[in-house]
Amino acid sequence: MSEAHPYRSRNAKGVMDSCGSLRAADVGRTVTISGWVNRRRDHGGLIFLDLRDHYGITQAVIEPDEPAFAETDKVRSEWVVTITGKVVARTPETVNKDLPTGEVEVRIGSLKVQSQAQELPLPVFGDLDYPEDVRLKYRFLDLRRERLHRNIMLRANIVTSIRRRMIEQGFTEFQTPILTASSPEGARDFLVPSRRYPGQFYALPQAPQQFKQLIMVSGFDRYFQIAPCFRDEDGRADRSPGEFYQLDLEMSYVTQDDVFAAVEPVLAGVFEEFANGKTVTKPPFIRIPFAEAMLKYGTDKPDLRNPILITDVSDVFARGDVEFKAFKNKTVRAIPGPGAGPQPRSFFDKLNDWARSEGAAGLGYIILEDEGGKLTGKGPIAKFIPAEALADLTKRCGVGAGDALFFSADAKDDRAAKIAGLARTRLGQELKLIEDGTFKFCWIVDFPMYEWNEEEKKIDFSHNPFSMPQYDRGKFLALDKDDKDTILGLKAYQYDIVCNGYELSSGAIRNHDPDVMLKAFEIAGYAREETEEKFKGMLNAFRHGAPPHGGTAPGIDRIVMLLAGEENLREVTMFPMTQSAQDLLMNAPSPANAKQLKELHLRVVMPEAK
RNA sequence: GGGGGCGUAGCUCAGUUGGUUAGAGUGACGGCCUGUCACGCCGUAGGUCGCGGGUUCGAGCCCCGUCGCUCCCGCCA
């Protein structure tokens, strides 16, 4: 303790002083603290500096007859300074109750400028909103601001909590390669050219999928990793372009229920820890089969805070006494609008316009009114629906006088379901029915193994090609490519976790049987030799004793986004790219020089100008 | 790849039907001010109205193209 520290002093207990540490108990001490000048208030004779660091804000003050006055007079916002001075108590009327350090201030005895700041493109002080490109280019300034700084710390704390909870559940963290092989199916890969093998490429992992399965085959159990995942796909508000993080996990000798039982307490626990007063679904989370989700919610990621439930009413419009031609021979889904009856005509017109903009033919509706104790329908299509049919509709959809009922109709089931789902969300928002202050979890289970690709007229994997089909092994191996209906009806041990309308996690019980795997890929159009070649390592492993295994991979970024109350991943990512996948701070991507290209045996062919 | 929104001072924004010299707040700079904590008061500087083209006597405003950011569709096993 003999030599003074150049930036930060310590108290008698050896605890470091900072811009957030000083309290009334420190009055009388001489301290050294460093930080950014958050704000400067010049009273001519008297200068106040609010000094800010990671830990907080402390007011410093100096009077004109002090030796350090001239130096203090020079400093501006965001300069970095070190001050040494005496901690004094503020007079009662000058205490700032909004600051934890507000009972004291530091009298500047000496001040050293460590770093100056040019005029700021983005003020750190204040909480105004600024353009995204400026925020990204000057991310280091944005990160100094309270909101982002808080979000990033929240993220770090959440990740720490997840690690602790996983380890407490008996999981072990393993690292997996970043430079690996490209895999077919799925998203577009990022490729890394090989210097030593001309014309050959590594790929960045879209997820450590095959590695975690190999870890299970290698005899380890209960793997997890906060894993970076790379996918060359375009961004969305809830999907970063290029890269993101997953809580990747895998377990051996487990059923689907075992995976659920392992994951639920971790997610529920971490949400409860950071929910900040919001309620969280208690495990076990309810399980909704995919088909039921598509019917009742019109999506495989339902927001259960929205009380609206969709009902299939195709049969009502198929009845002989219902003569509404536009709905005949179509899938018709009814979406209740509780309490929407009194809304003005413009409300219904706007919804109809919106539905058309989503590609629907429109959004039909009837408004339900009480006419002398009798429930009647009003609106453009009400006249086509006789009383008996109307009674059936209202009973099945659980609506009454004062409510409205909307209809999504399409020749194709999935399109009718999708529009109904969008309408459900929109109605929930417009009618303010979405419950606030809660995180509602559910599992979506029994995803279809395959789906029909209309464009290419072929069968595709609908989700994860490594999932185990829910089907008798012998019958599966005997399937013919022409058993289209059977194949498209197959379900997989494939499941998602959904929270408040966001897909948080996707997982499966894996297919660890090489014969079933070859068959599964064959059905999706991959020749056996092709599958052997693409998954050589994994198939080989499966032929040397593979345990049944399964897992899932919750998205870290989305978990943090939900807990931070943000609606965009960039608000919880330290150094995000733009939606068009550019890093404006580090200037990536950028051209490679001739030497680099030569070493990699690459030549650039620019796209032709339009 | 496609559709919508936005783009005016360092920053946040206003800008009428197309009409003289494009404004305000904030920040910067200078002056005044001893208890502020969004300090206050006075003054100064700061603009290729994203860029290019067109219509017009005249364009920040209208038209076409283009660039950037963003939201969405496609895509995301």
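This one's a predicted model, so the numbers in the text were calculated from it and none came from an experiment. What you see below is based on every heavy atom in this structure, not just the backbone, and it leaves out hydrogens, waters and symmetry mates. The sequence lines fix the lettering, A, B, ..., with proteins before strands; numbering per chain opens at 1.
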Query raised in the report: Base, sugar-phosphate, or nothing: which does A:Thr578 touch, judged by heavy atoms less than 4.0 Å apart?
Result: sugar-phosphate
Requested in this report: State which of B:C72, B:U34, B:G10 makes the closest approach to the side chain of A:Leu46.
Outcome: B:U34
Query raised in the report: What distance, rounded to whole Å, do you find between the two C1' atoms, one in B:C41 and one in B:G47?
Result: 27 Å
Query raised in the report: Within the structure, does a side-chain N or O atom of A:Asn568 lie under 4.0 Å from either OP1 or OP2 of B:C71?
Result: yes
Report summary line: Note: A:Thr573 and A:Asp557 closest approach over all heavy atoms is OG1-OD2, 4.3 Å
**Report entry** Integer angstrom distance from the P of B:G43 to that of B:C6
**Finding:** 36 Å
Report task. Could you tell me the separation between the CD atom of A:Glu119 and the C1' atom of B:G27, rounded to a whole number of Å? Result -> 6 Å
Query raised in the report: Is a side-chain donor-acceptor pair under 3.5 Å present for A:Asp446 with A:Gln470?
Result: yes
Query raised in the report: Ring-on-base stacking between A:His43 and B:C39, under 5.5 Å between centres and under 30° between planes: is it there?
Result: yes
Query raised in the report: When Watson-Crick pairs (N1 to N3 and N6-O4 or O6-N4) and G-U wobble pairs (N1-O2 and O6-N3) count only below 3.5 Å on both distances, what is the dot-bracket string of RNA chain B, with | for other-strand pairs?
Result: (((((((..((((.....[...)))).(((((.......))))).....(((((..]....))))))))))))....
Requested in this report: Looking at every strand, decide which applies to A:Arg135 at a 4.0 Å heavy-atom threshold: base, sugar-phosphate, or nothing.
Outcome: nothing
Query raised in the report: Could one point to a donor on the side chain of A:Asp42 or the base of B:C33 with an acceptor on the other under 3.5 Å away?
Result: yes
Query raised in the report: Going by modelled atom types, is there a donor-acceptor pair between the base of B:C76 and the side chain of A:Arg239 at under 3.5 Å?
Result: yes
Requested in this report: Find the distance A:Arg188:CZ to B:G74:C1' and express it as a whole number of Å.
Outcome: 10 Å
Report task. Could you tell me the separation between the CE atom of A:Met538 and the OG1 atom of A:Thr531, rounded to the nearest 0.5 Å? Result -> 10.5 Å
Requested in this report: Could you check whether A:Gly45 gets within reach of a base, just the sugar-phosphate, or nothing at all, counting any heavy atom under 4.0 Å?
Outcome: sugar-phosphate
Query raised in the report: So which of A:Arg510, A:Gln213, A:Lys212 actually passes side-chain hydrogen bond (donor to acceptor under 3.5 Å, both in side chains) with A:His549?
Result: A:Gln213
**Report entry** Residue A:Arg356 excluded, over 12 heavy atoms near CZ under 6.0 Å
**Finding:** no
Query - Distance, rounded to the nearest Å, where A:Asp73 contributes CG and B:C32 contributes C1' - result: 13 Å
**Report entry** Nearest-nucleotide 5' precedence on RNA chain B, A:Ser462 against A:Ser580
**Finding:** A:Ser580
Query raised in the report: Under 6.0 Å between the ring centres of A:Phe244 and A:Phe230?
Result: no
Report task. For nucleotides B:G18 and B:A28, find the distance between their C1' atoms and express it as a whole number of Å. Result -> 35 Å
Query raised in the report: Checking A:Arg558 against A:Tyr502: charged group under 6.0 Å from the ring centre and within 45 degrees of the axis?
Result: no
Report task. Using the P atom as the reference point in each nucleotide, state the distance between B:G40 and B:G27 in Å, no decimals. Result -> 8 Å
Query raised in the report: Taking atom types as they are modelled, is there a donor-acceptor pair under 3.5 Å from the base of B:G27 to the side chain of A:Arg40?
Result: no
Query raised in the report: How far, in whole Å, is B:U12 from B:C69 if one measures between their P atoms?
Result: 16 Å
Report task. Ignoring the backbone of A:Tyr130, work out which of B:U12, B:C37, B:G1 is nearest its side chain. Result -> B:U12
Requested in this report: Look at all strands and tell whether A:Arg145 reaches a base, only sugar-phosphate, or nothing, counting heavy atoms closer than 4.0 Å.
Outcome: nothing
Query raised in the report: Would you say B:U36 has OP1 or OP2 under 4.0 Å from some side-chain N or O of A:Gln59?
Result: no
Requested in this report: Show your reasoning for whether salt bridge (Lys or Arg N to Asp or Glu O under 4.0 Å) applies to A:Lys418 and A:Glu358.
Outcome: CA-CA 10 Å; A:Lys418 189 184 164 195; A:Glu358 294 288 342; 5.8 Å; no
Requested in this report: Could you please name the option among B:G35, B:C37, B:A38 that lies closest to any side-chain atom of A:Asp50?
Outcome: B:C37
Requested in this report: Using only side-chain N and O atoms of A:Gln118, determine if any of them is under 4.0 Å from OP1 or OP2 of B:A28.
Outcome: no
Requested in this report: Answer yes or no: does atom OH of A:Tyr245 have more than 12 heavy-atom neighbours from other residues, nucleotides or ligands under 6.0 Å?
Outcome: no
**Report entry** Between B:C63 and B:G2 - C1' atom distance, rounded Å
**Finding:** 22 Å
Query raised in the report: Closer than 4.0 Å, any side-chain N/O of A:Arg41 to the OP1 or OP2 of B:C39?
Result: yes
Report task. Remember a base hit wins even if backbone is also touched, and classify A:Pro131 as base, sugar-phosphate or nothing at under 4.0 Å, heavy atoms. Result -> sugar-phosphate
Requested in this report: Tell me whether the OP1 or OP2 atom of B:G27 has a side-chain N or O from A:Arg39 closer than 4.0 Å.
Outcome: yes
Query raised in the report: Base, sugar-phosphate, or nothing: which does A:Arg236 touch, judged by heavy atoms less than 4.0 Å apart?
Result: base
**Report entry** Separation of B:A28 P from A:Arg76 CZ (nearest whole Å)
**Finding:** 7 Å
Query raised in the report: With a non-hydrogen cut-off below 4.0 angstrom, is A:Arg90 in contact with a base, only sugar-phosphate, or nothing?
Result: base
Query raised in the report: Is a donor-acceptor contact shorter than 3.5 angstrom present between the side chain of A:Asp133 and the base of B:C69?
Result: no
Requested in this report: Remember a base hit wins even if backbone is also touched, and classify A:Glu105 as base, sugar-phosphate or nothing at under 4.0 Å, heavy atoms.
Outcome: base
Report summary line: Result for 5'-nearest mapping on RNA chain B, choosing between A:Arg107 and A:Lys418, is A:Arg107
Report task. Hey, can you tell me if A:Phe461 and A:Tyr450 have their rings parallel, tilted or perpendicular (30° and 60° cut-offs)? Result -> parallel
Query raised in the report: For A:Ile108 and B:U34, what is the distance between atoms CD1 and P respectively, to the nearest whole Å?
Result: 17 Å
Query raised in the report: Which value, in whole Å, describes the distance between the C1' atoms of nucleotides B:C39 and B:C33?
Result: 10 Å
**Report entry** Spacing of A:Asp142 atom CG relative to B:U12 atom P, expressed in whole Å
**Finding:** 12 Å
**Report entry** Euclidean distance, atom CG of residue A:Leu120 to atom P of B:C11 [Å, nearest integer]
**Finding:** 12 Å
Report task. Would you kindly give the CZ-to-P distance between A:Arg356 and B:G4, to the nearest whole Å? Result -> 17 Å
Report task. Over all heavy atoms of both residues, which pair between A:Leu479 and A:Lys519 is shortest? Give the atoms and the distance, please. Result -> O-NZ, 2.6 Å
Query raised in the report: What integer number of Å spans the C1' atoms of B:G46 and B:G30?
Result: 15 Å
